[in-house]
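In this chain, numbering begins with 1 at the start of the sequence shown.
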Amino acid sequence: MYPMLREDVSFMIRNRKNSDKLRYFIKNGDEDEFEISRILYNALRKADGTKPLELPDRGKKVIPKLKKDHLIHTSRIVHLGGPLFGFILFPIGGSIRKFKWLFRLLNAALPIFSVLSFVIGVLFVLLHNADGSVDEHYEIIYWLQYLLIWLSIMFHEIGHMNAGIAYGYKVCSVGVLLLAFFPLGAYVSYNENLNYNKYLNAKEKIQFSLSGIESNLLIAGILLLLSFVVNNDLSHTLISVANANIIMAILNSLPALGLDGEKALSALLDVESIFIVALEWMLFKSERKQLLKQGIVGYLCFAFFCFILIAQVIVALTIISDIIIVILLIFISAF
């Protein structure tokens with residue numbers, strides 16, 4: 001992969017003392033600051049992983065130092081912190097962001113078409129099985145099921161990518177999230193030094209958070225409709241993957257820290273994190289007593305905060321069980 005600027009890098013320009021000449025600086029995520037030339041400054045600003053550095057030698061001499069200083073990465077495997085790694089599937093170059101108008105159009109249409117396709121797909125299934133009969137003689141095509149589920153996970157993140165570009169986020173890449181060597185899901189990375197929230201209104205923040213869930217509902221609806229125009233075995237495979245998308249949408253709708261539902265709810269209530277708010281109120285006995293003294297409103301808030309904390313436990317248990325299942329499957333297949 002060509003050099004890609006790390007998401008936590010920032011640039012600065014300063015005037016020299018007693019002079020109109022400019023000095024160019026770059027800072028990594030560890031707050032280490034380096035002075036660089038104007039030529040390198042301009043080259044790094046365009047380092048999006050889709051082309052070589054715009055330097056005479058394509059940056060061959062300077063790339064090792066830039067990597068050592070944690071300013072760029074050239075490998076598709078990137079460390080995201082702790083045991084988490086990412087595998088970059090494709091970087092998002094500046095040329096893609098030129099079509100911002102198209103991403104805005106798709107982002108505006110996504111909520112409408114996702115709900116329509118999902119409702120129509122469910123109605124088709126309900127009407128088709130109105131007699132309650134079940135065909136027991138079918139097979140699920142497992143390799144196709146796994147492929148479609150992974151594509152669904154990617155499409156979830158592409159929904160976020162689409163909304164991010166539509167709202168002016170500097171999206172850097174789309175990749176697969178790994179726990180050591182085990183795939184957990186997918187992710188979209190964007191420049192972390194830009195405070196996007198201050199530029200977005202509540203409606204835009206909510207749509208950005210829910211765009212992945214909407215993508216899953218859109219896929220579920222399309223797969224349910226397609227299940228009526230294919231053969232029996234393939235039909236049940238498509239329905240199985242549609243159910244997986246519905247489960248993904250439900251899980252991501254939970255108000256657990258880091259999930260889309262929590263981010264959307266936080267944006268709706270205009271707080272940084274509704275999970276942190278719930279944790280602060282429920283963690284200390286004095287806070288809980290103060291809450292319950294507020295009457296019916298306090299009891300409702302207490303129940304709401306309990307639900308948020310329970311959702312966090314459900315998500316944690318789901319992740320742990322998924323990891324155990326993956327490890328068991330690998331162990332079984334090895335023997």
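- Other residues, nucleotides and ligands contribute only 12 or fewer heavy atoms inside 6.0 Å of the NZ atom of Lys60.
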Determine whether Leu66 and Leu44 satisfy the following criterion, side chain to side chain contact (heavy atoms under 4.5 Å, CB included), listing intermediate values before the conclusion. CA-CA 10 Å; Leu66 293 173; Leu44 289 176; 3.9 Å; yes
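- No donor-acceptor pair under 3.5 Å is formed between the side chain of Asp69 and the backbone N or O of Asn28.
- Gly93 and Asp48 make their closest contact through CA-OD2, 3.2 Å (heavy atoms, listed as atom of the first residue, atom of the second, distance).
- Within the 3.5 Å criterion, the main-chain N or O of Ala249 finds a donor-acceptor partner in the side chain of Ser253.
- Counted within 6.0 Å of CZ on Arg288, heavy atoms from surrounding residues, nucleotides or ligands total more than 12; the atom is thus considered enclosed.
- The hydrophobic clustering, which links ILVMFWY residues whose side-chain heavy atoms are closer than 4.5 Å, places Leu53 and Ile39 together.
- Cluster annotation: Leu55 and Tyr2 are assigned to distinct hydrophobic clusters (Ile/Leu/Val/Met/Phe/Trp/Tyr, side-chain heavy-atom contacts under 4.5 Å, transitive).
- Side-chain contact between Ile206 and Leu268: present, with at least one pair of heavy atoms (C-beta onward) separated by less than 4.5 Å.
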Apply side chain to side chain contact (heavy atoms under 4.5 Å, CB included) to the pair Leu106 and Phe99, showing each step before the final yes or no. CA-CA 11 Å; Leu106 293 173; Phe99 297 94; over 6 Å; no
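- Checked against the 6.0 Å centroid threshold, Phe124 and Phe228 count as a close aromatic pair.
- You'll find the side chain of Lys46 reaches within 4.5 Å of the side chain of Glu54, heavy atoms only.
- Atom CD1 of Ile158 and atom CD1 of Ile165 lie 10.0 Å apart (nearest 0.5 Å).
- Glu262 approaches Ile274 most closely through the heavy-atom pair OE2-N, 3.2 Å.
- When the side chains of ILVMFWY residues are joined at heavy-atom separations under 4.5 Å, either directly or via intervening members, Val229 and Ile219 end up in a single hydrophobic cluster.
- Interatomic distance, Ser114 OG to Ile112 CD1, rounded to the nearest 0.5 Å: 9.0 Å.
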I'd like to know whether His160 forms a side-chain hydrogen bond (donor to acceptor under 3.5 Å, both in side chains) with Asp260, so could you lay out the CA-CA distance, the side-chain angles of the two residues, the decisive distance to 0.1 Å, and finally the verdict. CA-CA 10 Å; His160 288 307; Asp260 298 334; 3.2 Å; yes
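- Between atom CG of residue Leu218 and atom CD1 of residue Ile213 there is a gap of 13.5 Å, rounded to the nearest 0.5 Å.
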Under 3.5 Å, which donor-acceptor pairs do the side chains of residues 299-315 form with other protein atoms, sequence neighbours left out?
{"residue": "Gln312", "atom": "OE1", "partner": "Leu257", "partner atom": "N", "Å": "2.5"}

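- In this structure, the side chains of Asn162 and Ser211 stay at 4.5 Å or more apart for every pair of heavy atoms.
- When hydrophobic clusters are built by joining Ile, Leu, Val, Met, Phe, Trp and Tyr residues whose side-chain heavy atoms come closer than 4.5 Å, directly or via intermediates, Leu151 is grouped together with Val188.
- Residues Phe103 and Met161 have side chains in contact (heavy-atom distance under 4.5 Å, counting atoms from C-beta outward).
- Between the side chains of Asn42 and Tyr24, no donor-acceptor pair is found at a separation under 3.5 Å.
- A perpendicular orientation is assigned to the rings of Tyr41 and Phe11, their planes being inclined by more than 60° (bins at 30° and 60°).
- Among all heavy-atom pairs drawn from Ile26 and Met12, the shortest one is C-CE, 4.4 Å.
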Show me the side-chain donor-acceptor pairs of residues 81-88 shorter than 3.5 Å, one per line, residues at least two apart or across chains.
none

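- For the side chain to side chain contact (heavy atoms under 4.5 Å, CB included) test, residues two or more places apart in sequence or in another chain that qualify with Ile246 are Phe118, Ala220, Asn243, Ile250.
- Separation of atoms CD1 (Ile149) and CG (Leu144) is listed at 10.0 Å; rounding is to 0.5 Å.
- Atoms CZ and CD, on Phe284 and Gln290 in that order, are 13.0 Å from each other to the nearest 0.5 Å.
- At least one side-chain heavy atom of His73 sits less than 4.5 Å from a side-chain heavy atom of Met1.
- Contact between Gly29 and Asp8 at its shortest, heavy atoms only, is CA-OD2, 3.3 Å.
- The side-chain heavy atoms of Ile92 and Tyr190, taken from C-beta on, include no pair separated by under 4.5 Å.
- Cluster membership check: Phe155 shares its hydrophobic cluster with Leu89, using side-chain heavy-atom separations under 4.5 Å among Ile, Leu, Val, Met, Phe, Trp and Tyr.
- Residues Ser173 and Ser189 bring a donor and an acceptor atom of their side chains to less than 3.5 Å of each other.
- Between Arg6 and His70, the shortest heavy-atom contact is CD-O, 3.0 Å.
- At least one donor-acceptor pair closer than 3.5 Å links the side chain of His156 to the backbone N or O of Gly212.
- Side-chain contact check for Asn201 versus Glu204: some heavy-atom pair is nearer than 4.5 Å.
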Please assess Asn15 against Leu22 for the test side chain to side chain contact (heavy atoms under 4.5 Å, CB included), listing each intermediate value before the final yes or no. CA-CA 5 Å; Asn15 285 99; Leu22 300 176; 3.4 Å; yes
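- Here the closest heavy-atom approach between residue Ser152 and residue Met248 is recorded as CB-CE, 3.8 Å.
- Atoms CG and NZ, from Leu291 and Lys289 in turn, are 13.5 Å apart once rounded to the nearest 0.5 Å.
- In this structure, Glu287 and Trp281 have side chains that are in contact, with non-hydrogen atoms separated by less than 4.5 Å.
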Verify side chain to side chain contact (heavy atoms under 4.5 Å, CB included) between Ile72 and Lys67, making sure each step is shown before the conclusion. CA-CA 5 Å; Ile72 64 169; Lys67 289 173 65 177; 3.8 Å; yes
